[in-house]
There are 2 protein chains.
Amino acid sequence: MTTIVDVARTAGVSAATVSRVLNGNSRVDPQLVATVERVVKDLGYRPNRVARSLRLRHNRVWALVISDVRTGPFFADVVRGVEDGAYEAGYPMFLCNADEDPSKEAIYLQLALAENVAGVILTPSGPSTDLGPLVDAGIHVVLADRRLPGSQADSVVTDNVGGARQAVDHLLANGYRRIACIAGPPRVTTGSDRLSGYRLALEEAGRKVNPSLVRSGDFREPGGRRAMEELLEQRPRPDAVFICNNRMAAGALQVIEEAGLALPDDIAVVGFDEIVWAPLLRTGLTTVGQPAYDLGHESARLLLSRIQGYSGSARTVLLPTTLNIRASSAPRSGPLKATAGPRPTGLPLRGAGPGRRATRSRRSGGGG
Amino acid sequence: MTTIVDVARTAGVSAATVSRVLNGNSRVDPQLVATVERVVKDLGYRPNRVARSLRLRHNRVWALVISDVRTGPFFADVVRGVEDGAYEAGYPMFLCNADEDPSKEAIYLQLALAENVAGVILTPSGPSTDLGPLVDAGIHVVLADRRLPGSQADSVVTDNVGGARQAVDHLLANGYRRIACIAGPPRVTTGSDRLSGYRLALEEAGRKVNPSLVRSGDFREPGGRRAMEELLEQRPRPDAVFICNNRMAAGALQVIEEAGLALPDDIAVVGFDEIVWAPLLRTGLTTVGQPAYDLGHESARLLLSRIQGYSGSARTVLLPTTLNIRASSAPRSGPLKATAGPRPTGLPLRGAGPGRRATRSRRSGGGG
DNA sequence: CTGTTAGCGCATTCAG
DNA sequence: CTGAATGCGCTAACAG
């Protein structure tokens, strides 16, 4: 391994001079600069980042602590957004899968501390995530995807309440009345916010929330399966279901198919998170799309601005969702058993075929 | 920030002693051990990993250099497999998206060098990837997913040749005769190996490869679209297509749908990479599944064994693929225009409906 | 068993 | 403008 002193020796200068030309923040005789640069090249010298970090007392690295890269395409896209931002800014990035496990998350946050990273982008595993030690150590933190009530960190989230509300509004408008919800885990804000949106939409429409139509999954396929199985046992059966993420949707759709039910006639479905395959499904799946890549990239941008010295109060970036309407939520056909509430409005009979692929976008507050 | 000397001082011992109790590789008076451990706890002392790495002259970190986390579920699963292995072994991991770009890959490999990482798991961007500097520096390298002909590194790959051959065999057996191929980029072995498998299957069946039925994409959706558009212009049209990864399959399926063609009657399809949504597609998609997570995890295992001192010659782990048969490749119906070759065998008429979901597994050599 | 000493590779004083 | 000296926080020699 060739060090800075090797370069200094063969260039006939001191290590300090080499350091100066390498970092270019000090005046050095152009002649020496040339010599040093040539020697650096000849010897293939690469500064040792570990030594540099020790000396500088800060480490040019970020840590990204998320739940799981595998979670549908969503987190993978977020990761890529962050990685691009980190790369552009010249920071490598630790990838840490906390896996919804607070203790694993804690271990990774301690790592961030021990590595003295420049910043952390974090998807908190729950409300008890403790940012204190990081903040005390002067390590910048940006929350991505999930809020952490009570914390003072910058955060970037999608409009979960608005997106969910829009989805349920859409189902109501299309004539569905017993709308179920497969919600996420309540301890994370993506879980609770989407459920809030569902509730809000129903309440605003003057209908009350039927607790037996709300099931809570864990954002994974088996949870979606279980929840859907339970919902299908309800009598009367729900005529629609809003599913709060794509992995649960995959599980739920399998159950629906195995039960021999058809979308949307037997049951309408709207999922959360857009997927490439949505239009290619047996019945095109209506989804609430999130700008996952942007979410990651925006988090990176906020982190970078903090690292570069911005010290205003905590910023919250709210990203809009998109409702991608497909056949799985087409207007209801058949008789309406006016279950409750008003609004037996004139409803179009089965308008949208599988070919319909309208996309509406809406920017909305209310992220809470 | 509290350092080892702070601990030493308040415990009334030397820094060396603190270091010894922390690393536990030397005998220390139990009484002192207790004192030190309590002080460590009281002060919330966390050893500085950067300083430790500098002193030890090796960094307890891995670098994972892959093409793109977002590439379908495949790389995300690989990443997770690696991450789990790294976590279990107590190593954090840099995530580096080389993005099929040799120069970006080179930058990340230099980073690995400058960070003096303990090991690198790499999906080479092409044949010119240079492992030399890493090897010279004593940094262990494991190749994952793609081979690097000429290198001496351990590698973990799936049986791309065998998987592709099996897919095409399956299409042949089901009566398809003009079987097209949307191949990956030839500079990576996953691209070339799958194409080889396609060729082998045809040749073994005594049919020759029609170059106008082979298109090469870039493993992404737009490439799949373009390739499929070109293939559909061929006259006579191909009656089946083998698509070498899932993102290209998504693009290709959209084109097929837009053209108003039905699977498998107008054209049969087999894709590479299993996806959760495959059984839920309009026509269930037959896929060649790869054990992506295992691939990552196995790579981690090989890397760890090297780090722990194993120094035998290069190992190659070949992982089996699985053919997941669904409706998109159901036995051909309709007349056979005996295009060429023998084998106008008696073929069953449209056996498998959408409900069929048989799965065959086959272990096979020939990874080349 | 424990403390003292030395240095990992680098950037930054402080003199010159 | 440049070089010598200093120390980031830690562990490994070496004495004691």
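All chains are named by letter (A, B, ...) in the order of the sequence lines, taking the proteins before the strands, and each is independently numbered beginning at 1.
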Nearest heavy-atom neighbours spanning Pro291(A) and Thr158(A): CD-CG2, 3.8 Å

Sugar-phosphate, base or nothing in reach of Val50(A), heavy atoms under 4.0 Å: nothing

Angle of first-five versus last-five pair axes in the helix from dC1(C)-dG16(D) to dG16(C)-dC1(D), to 10 degrees: 50°

Non-hydrogen atoms of Tyr45(B) and Thr3(B) that approach each other most closely: CE1-C, 3.5 Å

Asn97(B) and Tyr108(B): side chain donor to acceptor below 3.5 Å: no

More than 12 heavy atoms of other groups within 6.0 Å of Gln110(B) CD: yes

Thr17(B) side chain near dT2(C) phosphate (N/O to OP1/OP2, under 4.0 Å): no

Span of DNA chain D in contact with chain B (heavy atoms, under 4.0 Å): dG9(D) to dA13(D)

Main-chain N/O of Phe74(B) paired to Asp77(B) side chain as donor or acceptor, under 3.5 Å: no

Minimum side-chain heavy-atom gap Leu302(B)-Tyr310(B) below 4.5 Å: no

Arg9(A) side chain to Ala15(A) backbone, donor-acceptor under 3.5 Å: no

Results of side chain to side chain contact (heavy atoms under 4.5 Å, CB included) for Pro73(A) - residues two or more places apart only: Asn246(A), Ile275(A)

Using a cutoff of under 3.5 Å, can you pull out all pairs of nitrogen or oxygen atoms linking the protein to nucleotides 7-11 of chain C, with atom names and distances?
unit_1, atom_1, unit_2, atom_2, d
dG7(C), N2, Arg55(B), NE, 3.4
dG7(C), N2, Arg55(B), NH1, 3.2
dC8(C), O2, Arg55(B), N, 3.3
dG9(C), OP1, Arg57(B), NH2, 2.6
dG9(C), N2, Ala51(A), O, 3.4
dC10(C), OP1, Tyr45(A), OH, 2.5
dC10(C), OP1, Asn48(A), N, 2.8
dC10(C), OP2, Ile4(A), N, 2.4
dC10(C), OP2, Tyr45(A), OH, 3.4
dA11(C), OP1, Asn23(A), ND2, 3.3
dA11(C), OP1, Arg52(A), NE, 2.6
dA11(C), OP2, Ser19(A), OG, 3.0
dA11(C), N3, Arg55(A), NH1, 2.1

Side chain to side chain donor-acceptor pair (under 3.5 Å) partners of residues 111-125 of chain A, not counting sequence neighbours, each pair once: Asn59(A)-Glu115(A), Glu105(A)-Ser125(A), Glu115(A)-Arg49(B)

Inter- and intrachain pairs under salt bridge (Lys or Arg N to Asp or Glu O under 4.0 Å), touching residues 16-37 of chain A, at least two apart: none

